[in-house]
Enquirer: 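If you scroll down you'll find the structure; I have some questions about it.
Each chain gets a letter, A, B and so on, in the order its sequence line appears, and its residues count up from 1.
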2 protein chains.
Amino acid sequence: MLSGEKISYRDVKNEILNRIHNRIWAPGSLMPGEIELAEEFGCARATVNRAMRELAEEGIIDRKRKAGTRVNIAPVRHAKFEIPLVRSEIEALGATYRYAFISRSVEVAPDWLRAQIGLGDEDKVLHIECMHYANNAPFQFEDRWINVAAAPQILDVDFSTISPNEWLVSELPFSDAEISFSASAVDERLARFLSMYKGEPHFLSERVTWLKGMPITFAQMSYGRGYRMTTRY
Amino acid sequence: MLSGEKISYRDVKNEILNRIHNRIWAPGSLMPGEIELAEEFGCARATVNRAMRELAEEGIIDRKRKAGTRVNIAPVRHAKFEIPLVRSEIEALGATYRYAFISRSVEVAPDWLRAQIGLGDEDKVLHIECMHYANNAPFQFEDRWINVAAAPQILDVDFSTISPNEWLVSELPFSDAEISFSASAVDERLARFLSMYKGEPHFLSERVTWLKGMPITFAQMSYGRGYRMTTRY
DNA sequence: CAGTGGTCTAGACCACACA
DNA sequence: GTGTGGTCTAGACCACTGC
């Protein structure tokens, strides 16, 4: 089985995956150690290490010091979703993007918002509502709250021409985010904006972002009829 | 800035992130090369490489041979979702899991299914419907189709006690999967199973899996009222 | 305490993409 | 061509954790 080629960590990864698929290493069983595999494959331990590290990140195997490496019984697979700008999302569909501003106000953060993202009693927020269209059809309604203390300059931005989504991405970095998806019924007002019927289901995405512990923004994004979020893994 | 400690790739990663947040390296700008950074940080190039590679995987920076490394303008962030067994999902909530079998049949794959996952004219599929309960409240309705050719032994499995979800995970590996999420209205039948009203919105998850090009299974999972899928990144 | 994975190093060669 | 990232190596020490 000699070959002049060098062994790549991808080769090692594939071979390991094959052996798992073929039950040579059954789920739950202990795999050989890095040194042993390195000898078998004729490569450095670092190469085997990288292969196994990636498989562990992907949830295929489970590694523990001293205990060794085991094939996961119930591989907790991970699906990766891209979280793009709405504009990019729409343009990627080959559609023309249009932005429409709806409303703007500055107010003391309401109770539910303070609780949701962690703000003080007196903290002010900028509240923006707007729409994103694809080929002039309603695509997404955006309802966003921004912590003024995190970005005082926000008060001077003219959101009638640029979406808060876009401004934030280019001006305010964040370190942590929480995102969640659910299904909900559109109320009367939302129905008008999205050209839907009251009570119709819509896909709802909610996001909170922080920069090193300071809350930046909370946003609810309501997608129009027929929206699907898809990925491969 | 001498320190006796060795520099870890995590240190490098954090320092790079700080510089990006502080606009020392602005979005779109070219960062120093690996060799230069390795000298500055007093570590090996491999260490800087690992830090930058991970940042690239996370979508923070963009790397190209010869062209160098740039800070991403619109960081296409990735959110990772765990795709667990329903059982694990429910048990993680601290609830008691219960499985209920609804129906089973073997048939020639209907047109829409053949198109959806790529089956031949005569290919047979096993169709299973079942429910997953959390503390005896309806949690998820599962409507699953399994390619018999991919796993002939499936016909002998007694799905009245084990869920197809669980059986597949432990018996049939897969190499690729496509998953998508959407919002939809429950029809009359589904409403009865989920204890909801006809027309109420529900969160719908659809998944197809393949093993090296051979379609394994297509499943529609309808979640009950109030379901949210959440992650941090 | 001893074995396994986790990480760092210093050096080397390669592959790709831009000039 | 030539510079940058991509990867491999051989060796070393460390950290965690099961025994």
Enquirer: Hey, what's the ring geometry for B/Y227 with B/F203, parallel, tilted or perpendicular (30° and 60° as the breaks)?
Expert: tilted
Enquirer: Distance check, rounded to the nearest 0.5 Å: A/I179 atom CD1 versus A/M221 atom CE?
Expert: 6.0 Å
Enquirer: Within this structure, what is the CG-OH distance for the pair B/N14 and B/Y9, rounded to the nearest 0.5 Å?
Expert: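 OH of B/Y9 is found 10.5 Å from CG of B/N14.
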Enquirer: Can you check whether A/E34's main-chain N or O pairs, donor with acceptor, with A/N49's side chain at less than 3.5 Å?
Expert: no
Enquirer: Look at the aromatic rings of A/F159 and A/W167 and report parallel, tilted or perpendicular, splitting at 30° and 60°.
Expert: perpendicular
Enquirer: Does D/dT7 pair with anything, Watson-Crick or G-U wobble, both distances under 3.5 Å, and if so, with which nucleotide?
Expert: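 Partner of D/dT7: C/dA12.
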Enquirer: Pull out every residue in residues 55-65 of chain B that has a heavy atom closer than 4.0 Å to any atom of DNA chain D, ordered by number, or say none.
Expert: B/R63, B/K64, B/R65
Enquirer: Please state whether the rings of A/F81 and A/F181 are parallel, tilted or perpendicular, taking 30° and 60° as the class boundaries.
Expert: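 A/F81 and A/F181: tilted rings.
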Enquirer: Among residues 31-52 of chain B, which residues get a heavy atom nearer than 4.0 Å to DNA chain D?
Expert: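 Those residues are B/G33, B/E34, B/R45, B/N49.
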Enquirer: Would A/M31 and A/M52 count as a side chain to side chain contact (heavy atoms under 4.5 Å, CB included) if you check the C-alpha gap in whole Å, the side-chain angles of each, and the deciding distance to 0.1 Å?
Expert: CA-CA 11 Å; A/M31 295 169 49; A/M52 293 179 95; 3.5 Å; yes
Enquirer: If you assign A/Y9 and B/G68 each to the DNA chain D nucleotide with the nearest heavy atom, which residue ends up on the more 5' nucleotide?
Expert: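 Looking at DNA chain D, the more 5' nearest nucleotide goes with B/G68.
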Enquirer: Taking it one step at a time, do A/Y223 and A/M229 satisfy side chain to side chain contact (heavy atoms under 4.5 Å, CB included)?
Expert: CA-CA 10 Å; A/Y223 288 85; A/M229 192 174 71; over 6 Å; no
Enquirer: State whether the side chain of B/T217 and the backbone N or O of B/T209 hold a donor-acceptor pair below 3.5 Å, judged by distance alone.
Expert: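 No; judged by distance alone, with no hydrogens or angles, the pair does not exist.
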Enquirer: Please tell me if the side chains of B/W145 and B/Q220 come closer than 4.5 Å, counting only heavy atoms from C-beta onward.
Expert: no
Enquirer: For DNA chain D, which nucleotides open and close the run of contacts to chain A, 5' to 3', at under 4.0 angstrom from a non-hydrogen atom?
Expert: D/dT7 to D/dG18
